[in-house]
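Working notes, beginning with the structure itself.
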Amino acid sequence: DPNLFVGGIENEEWEQLTKGEDKPLVNKAVHGIYPPGSTFKMLVAMAGLDLGLIDRETKLNCPGYYRMGRKIWYCNNRSGHGDVNVVEAIQVSCNVFFYQLGQQVGLDNLRNYAQMFGIGLITQIELDGEQSGLLPSREWKQRVVGERWYDGETVPISIGQGYLTMTPIQLLNYINVIANRGLWVQPTLLRQVISPDGLELISADELPRATRLLPLAAEHFDVVREGMVRVVNAQGGTGRMAQSRRFTIAGKTGTSQVVGRTLLRSEEDEVDEKLLPHSLFVGFAPAEDPRISVLVLVEHGRSGGRIAAPMARKIMEYYFQEIEPLPTGNLAQGTTEQSRTEQGTAFRRRLVTAFGPDGATPGSR
C-alpha cells in the first residue's frame with residue numbers, strides 16, 4: 001500500500017516490506033526467478049522441428065507416463081493422451097510427448113536453441129537489477145554441484161522444470177519471438193522522445209533497439225503458433241478460459257512447481273500454501289497479426305489454466321477496447337488456417353525487407 005510511505009513508515013511495517021516472504025518491493029518482472037513450466041514446451045517443439053526430429057504430423061505415444069531406467073515421470077493426464085502430434089501436444093500440454101522429444105533433442109541442443117531465443121541472457125531492458133535466470137549446462141552442474149549431468153535430468157528440463165529458471169520479462173520476450181515469427185527485439189520502456197515544447201523528436205518506430213532474425217524456418221513458427229491458438233480456442237485446450245469472443249488469442253498455460261508434490265504437505269498433513277505451484281499464462285493477440293503480448297504469473301496460484309488464463313484475457317480485452325481499439329470485423333474472427341499461413345508468409349517478407357535476412361537493422365536502428 002503506497003499510503004504507508006506518506007508521512008513516514010513504522011519500523012515494523014518496513015521490516016515486513018523488506019524482509020517478508022512476499023517481497024513486495026522487489027520488481028519481480030526482472031528480478032523474480034521462476035521455472036517456466038509448460039510455457040517452455042514451444043522452445044522444445046521448435047528445436048525438434050528445426051533438427052528434423054519431428055514434423056507437424058509426427059506422432060508420439062503418451063501412455064500417461066515416461067520411464068527411464070527405474071525412474072518414472074507422469075503426464076498431466078495420468079490416463080495418457082494416446083498418439084499425438086506436436087500441435088496436439090502443445091494444445092493439451094502433453095508432458096510425455098515433450099519428455100520424449102526433449103531426450104531426442106538433448107541438453108546441449110536445448111541450450112543452443114534456448115540461447116537463440118534469449119533464454120539465460122538478460123534482455124537489457126531499462127530496469128535495475130535484471131536477473132538472467134539459469135539455463136543449466138553440464139559444465140554448470142559439475143562446477144556448482146560437483147556432479148556430472150545425468151540423462152534423466154534433461155527430462156524435467158523438457159517441460160520447463162528442474163534446474164531451469166527464467167524471469168517473467170525474459171519469458172515474455174521469448175514468446176514475442178514466436179509472435180514475431182522469428183524476430184527477436186530488445187524490450188524497452190521508452191515510447192518516444194519529445195522536446196520541451198511537445199515536438200516529437202524520435203517516434204517508437206525510430207528508437208534504437210537491438211534486433212536479430214533467428215535462422216529458423218517460418219513454417220516451424222506457424223506450427224507452434226497453431227498449437228498455441230488451439231490451447232485457447234480448441235476443445236481440450238488447457239487455456240480455454242483465456243478465449244475471447246472479440247479476437248483470437250494464442251497462448252500457453254504453465255504450472256511452475258516450487259517443490260516436488262511429495263513435499264507439499266506438512267507433518268500435520270496440511271498443504272503449505274507457500275509450496276503450491278505458480279500459475280502461468282502467456283500469450284499474444286490477435287493471433288494472426290499480434291499487437292500485444294501478456295504474461296500473467298500468480299505466485300502459488302496452482303493452475304495456469306484456471307487462474308492466470310482468464311486474467312490475461314481481461315487484460316487483452318481492456319487493451320483492445322480502451323487503448324488500441326480493433327477495427328470492426330478484425331482479423332481474429334473467421335480466419336482460416338490457409339489465410340493465417342499467407343499472413344505469416346507476408347509478415348515474414350516484411351521483416352526480411354525491414355531488417356535483412358540476417359536480422360541486422362539498417363542505419364542507426
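Atoms considered below: every heavy atom in the structure, side chains included; atoms not considered: hydrogens, waters and symmetry mates. For clarity, every value in this text was computed on a predicted model and none was experimentally measured.
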field: Considering all heavy atoms, the nearest Lys28-Lys23 contact
entry: CE-O, 3.5 Å
query: Can you say whether the rings of Tyr99 and Trp73 are parallel (under 30°), tilted (30 to 60°) or perpendicular (over 60°)?
result: tilted
task: May I ask you to test the Val84-Leu60 pair for a side-chain heavy-atom distance under 4.5 Å?
output: no
Spacing of CE belonging to Met46 relative to NE2 belonging to His220, to within rounding of 0.5 Å: 6.5 Å
- prompt: Are Tyr34 and Leu127 co-members of a hydrophobic cluster defined by side-chain heavy atoms under 4.5 Å apart?
  reply: no
message: Test of understanding: clusters of I, L, V, M, F, W, Y form through side-chain heavy atoms closer than 4.5 Å, transitively. Do Ile323 and Ile292 belong to the same one?
response: yes
- prompt: Mind checking whether Gln124 and Gln186 have side chains closer than 4.5 Å, heavy atoms only?
  reply: yes
message: Any side-chain to backbone donor/acceptor pair from Gln91 onto Asn233? Under 3.5 Å, distance only.
response: no
task: Please report the shortest heavy-atom distance between Ala312 and Phe281, naming the atom on each side.
output: CB-CD2, 3.4 Å
Side chains of Thr188 and Glu126, donor plus acceptor under 3.5 Å: yes
- request: For the residue pair Tyr74 and Asn95, establish whether any side-chain heavy-atom pair is separated by less than 4.5 Å.
  value: no
statement: The reported gap from CG in Leu183 to CG in Leu214 (rounded to nearest 0.5 angstrom) is 8.5 Å
task: Please check if atom CD in Glu324 has more than 12 non-hydrogen atoms from other residues, nucleotides or ligands closer than 6.0 Å.
output: yes
- request: Return yes if some donor-acceptor pair links the side-chain N/O of Asn176 with the main-chain N/O of Val185 below 3.5 Å, else return no.
  value: no
message: Tell me if a side-chain donor or acceptor on Glu317 pairs with a main-chain N or O of Ser244 at a distance below 3.5 Å.
response: no
query: Does Leu295 share a hydrophobic cluster with Ile159, counting links as ILVMFWY side-chain heavy atoms below 4.5 Å and allowing steps through other members?
result: yes
- prompt: What distance separates Leu17 CG from Leu25 CG, expressed to the nearest 0.5 Å?
  reply: 5.0 Å
field: Side-chain heavy-atom pair His81, Val96 within 4.5 angstrom cut-off
entry: no
- prompt: Would a distance-only check, ignoring hydrogens and angles, find a side-chain to backbone donor-acceptor pair under 3.5 Å from Tyr174 to Leu43?
  reply: yes
field: Results of salt bridge (Lys or Arg N to Asp or Glu O under 4.0 Å) for Lys314 - residues two or more places apart only
entry: none
task: Using distance alone, with no hydrogens and no angle criterion, decide if Gln131 and Thr167 have a side-chain donor and acceptor under 3.5 Å apart.
output: no
- prompt: Counting only heavy atoms not in Tyr65, do more than 12 sit closer than 6.0 Å to its OH atom?
  reply: no
message: Under 3.5 Å, is there a donor on one side chain and an acceptor on the other for Tyr113 and Asp50?
response: yes
- request: Give the intermediate values and the outcome of salt bridge (Lys or Arg N to Asp or Glu O under 4.0 Å) for residues Glu139 and Arg143.
  value: CA-CA 6 Å; Glu139 295 75 20; Arg143 183 180 72 255; over 6 Å; no
task: Taking Gln170 for its side chain and Ser132 for its backbone only, find out whether a donor-acceptor pair lies under 3.5 Å.
output: yes
task: Kindly determine whether Met228 and Phe284 satisfy side-chain contact (heavy atoms from CB on, under 4.5 Å), including the steps that lead there.
output: CA-CA 9 Å; Met228 294 178 69; Phe284 52 86; 3.7 Å; yes
- line: Tightest non-hydrogen contact, residues Ile307 and Ser279, listed as CB-OG, 3.4 Å
task: Enter the distance from Leu280:CG to His278:NE2 here, rounded to the nearest 0.5 Å.
output: 8.0 Å
Glu322 atom CD, neighbour heavy-atom count above 12 within 6.0 Å: yes
- request: Please say which of Gln243, Lys252, Arg240, Glu226 ends up in a side chain to side chain contact (heavy atoms under 4.5 Å, CB included) with Val231.
  value: Lys252
query: Tyr163 and Trp140: aromatic ring centres closer than 6.0 Å?
result: yes
task: Give a yes or no on this: more than 12 heavy atoms of other residues, nucleotides or ligands lie within 6.0 Å of atom CD of Glu10.
output: no
message: If you compare all heavy atoms of Ile157 against all heavy atoms of Pro136, which two are closest, and at what distance to 0.1 Å?
response: CD1-CG, 3.8 Å
- prompt: Considering only heavy atoms from C-beta outward, does the side chain of Arg138 approach that of Asp108 to under 4.5 Å?
  reply: yes
query: Measuring from Phe320:CZ to Phe247:CZ, what's the distance to the nearest 0.5 Å?
result: 5.5 Å
query: Looking only at side chains, do Thr154 and Asp151 share a donor and an acceptor under 3.5 Å apart?
result: no
field: Joint cluster assignment, Val87 & Val92, ILVMFWY side-chain distance < 4.5 Å
entry: no
message: Using a 3.5 Å distance criterion without hydrogens, assess whether the side chain of Asn180 forms a donor-acceptor pair with backbone atoms of Gly182.
response: no
- prompt: If only atom types and distance count, is the side chain of Arg225 paired as donor or acceptor with the main-chain N or O of Ile178 below 3.5 Å?
  reply: yes
- prompt: What closest approach, in Å, do Pro168 and Gly32 show between heavy atoms, and which atom pair accounts for it?
  reply: CD-O, 3.4 Å
- prompt: So, does Thr165 use its side chain to make a donor-acceptor pair with the main chain of Pro35 at under 3.5 Å?
  reply: no
- line: Interatomic distance, CD1@Ile33 vs CG@Leu134, rounded to 0.5 Å, equals 8.5 Å
- prompt: Regarding Gln235 and Arg230, is there a side-chain donor-to-acceptor distance under 3.5 Å anywhere?
  reply: no
message: Ignoring hydrogens, what is the shortest heavy-atom contact between Arg67 and Ile72? Give both atom names and the distance.
response: NH1-CD1, 3.5 Å
query: Within a reach of under 6.0 Å around CD of Gln115, are more than 12 heavy atoms found that belong to other residues, nucleotides or ligands?
result: yes
task: Would you indicate whether the side-chain heavy atoms of Leu216 and Phe117 approach each other to under 4.5 Å?
output: yes
query: In terms of hydrophobic clustering (I, L, V, M, F, W, Y; side-chain heavy atoms under 4.5 Å; direct or indirect links), are Leu121 and Leu107 co-clustered?
result: no
Exam field: side chain Glu153 to backbone Tyr150, donor-acceptor pair closer than 3.5 Å: yes
task: State whether a side-chain donor-acceptor pair under 3.5 Å links Ser137 with Trp149.
output: no
field: Arg56 and Glu219 ion-paired at < 4.0 Å
entry: no
- prompt: With a 3.5 Å cut-off and no angle check, do the side chains of Gln103 and Tyr66 form a donor-acceptor pair?
  reply: no
query: Do Gln142 and Arg148 come close enough that some side-chain heavy atom pair is under 4.5 Å?
result: yes
query: If you measure only the distance, is there a donor-acceptor pair under 3.5 Å linking the side chains of Lys41 and Ser158?
result: no
field: Donor-acceptor pair, side chain of Ser38 and main chain of Ser93, under 3.5 angstrom
entry: no
